[in-house]
S.K.: 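One structure coming up, written as structure tokens, with questions to follow.
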Amino acid sequence: MAIEPPFPELDEYITAIGEAGARLSDIEATEGAAGNISVYIGWSIEVRRRFPAMETIHLPLEVPELAGGTLLVSGSGRRLREIILDPASNLGALVIDPGGKTGRLYTAPRHLFTRLTSELNSHLAVHRDQVGLTGTNFHAVVHAQPLHLTYLSHIPRYQDENQLNQRLLRWQPELIVQIPDGIGLVEFNVPGSAALMSATVASLRRHRIVVWAKHGVMSRSDLSVKRAADRIEYAETGAKYECMDLSFGSPAEGLNAEQIRAICKEWNVEQSIF
Ligand SMILES: [Zn+2]
């Protein structure tokens, strides 16, 4: 996928990031300052009217594939639910320099952070990988910590990718339609670490959402930041049903494999989970 001209305005992306953050807060996936969002825009876009101050920063990894592009990124320690109220205080615009080793970070005078998100390395690595692989000129990455998905990732039997998908995607017909390539699973790694970054990149090649065991999720979209947030909401809904069923002593059947295959046939969904 690539966005075609005429390109959307900066404010449209800022509003979409704010709305995604607010929705993730509504579903209790961003307590305190948990979670972070970044959006890569591959064409030249004017950011200095909104974000006039500039400093050059060293990037946590080299991203030559993203050179010339702009990332709108949430600030470290900022609350996703407050972006919509005051985007300039909570977001920065990072323009990647030629070579991809440094970037120019543009901020507003009233910005309330000193650094970008602590998960910037994973965000950059996923953007770089997807842009390199698909040539897309737009890419959104969202990290959040939805309660039920994260809770299940603490239970050993859900720490198997097949099991996780077969149990979570059986609760509503649209789950397999919305997440046909399944939910990836990455074992626990220290937040912000290089190990988490590389495991996430590998998993997000095969999936559009990955569970970070005992931590949260990361989701991506080449269509919109709200699609990436929606996918988190769908996966979390499956996890909510699963938790509800566990708490009632597992009396429910869920959709069986045959029913899910019938849905996929009718809707032309290719999947290999059921
Ligand atoms: Zn986190």
Side-chain angles (χ1 to χ4, degrees), residues 17-40 59-61 71-84 90-92 94 112-130 139-155 158-159 161 164 168 183-204 207-221 225-240 243:
I17 292 172
E19 288 173 352
R23 183 62 194 148
L24 290 166
S25 174
D26 288 346
I27 67 164
E28 300 186 320
T30 62
E31 71 282 358
N36 32 69
I37 296 180
S38 69
V39 164
Y40 165 79
L59 302 178
L61 74 156
L71 287 106
L72 299 173
V73 190
S74 54
S76 178
R78 301 314 308 152
R79 303 173 188 90
L80 294 192
R81 64 178 175 276
E82 292 180 351
I83 294 173
I84 196 163
N90 297 295
L91 295 176
L94 178 63
L112 296 171
F113 54 91
T114 48
R115 286 175 298 110
L116 295 174
T117 167
S118 55
E119 301 287 1
L120 184 62
N121 64 343
S122 285
H123 283 258
L124 286 173
V126 172
H127 288 303
R128 174 184 73 175
D129 195 57
Q130 288 297 318
H139 199 250
V141 170
V142 178
H143 164 55
Q145 303 185 173
L147 220 59
H148 301 83
L149 266 174
T150 307
Y151 170 71
L152 292 175
S153 77
H154 285 269
I155 302 176
Y158 295 91
Q159 291 161 3
E161 203 168 273
L164 181 78
L168 297 199
I183 302 163
L185 180 74
V186 161
E187 65 177 26
F188 177 77
N189 287 286
V190 172
S193 64
L196 179 60
M197 177 186 81
S198 26
T200 301
V201 167
S203 186
L204 284 180
H207 309 280
R208 285 170 208 193
I209 176 168
V210 59
V211 170
W212 289 347
K214 306 182 182 181
H215 179 170
V217 298
M218 184 168 261
S219 167
R220 66 172 175 84
S221 171
V225 66
K226 284 162 86 171
R227 294 284 184 117
D230 283 349
R231 203 164 282 124
I232 294 175
E233 190 172 354
Y234 282 119
E236 171 65 355
T237 298
K240 262 191 200 168
C243 287

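One-based numbering, in listed order, for ligands and for the atoms of each.
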S.K.: Quiz question: by atom type and distance under 3.5 Å, do the side chains of H215 and H154 form a donor-acceptor pair?
M.R.: no
S.K.: Provide the full list of salt bridge (charged side-chain N to carboxylate O under 4.0 Å, His left out) pairs with a residue in residues 18-27, sequence neighbours left out, each pair given once.
M.R.: E19-K226, R23-D26, R23-E233
S.K.: Can you list the protein N, O or S atoms less than 2.8 Å from the Zn ion (ligand 1)?
M.R.: H143 NE2, Q145 OE1, H215 NE2
S.K.: Is the number of heavy atoms from other residues, nucleotides or ligands within 6.0 Å of CD (E31) greater than 12?
M.R.: yes
S.K.: What residues, two or more places apart in sequence or in another chain, satisfy ring pair (Phe, Tyr, Trp, His ring centres under 6.0 Å) together with F113?
M.R.: H111
S.K.: Does the separation of the ring centres of H139 and H123 fall below 6.0 angstrom?
M.R.: no
S.K.: Checking E161 now: which residues fulfil salt bridge (charged side-chain N to carboxylate O under 4.0 Å, His left out) with it, not counting sequence neighbours?
M.R.: R206
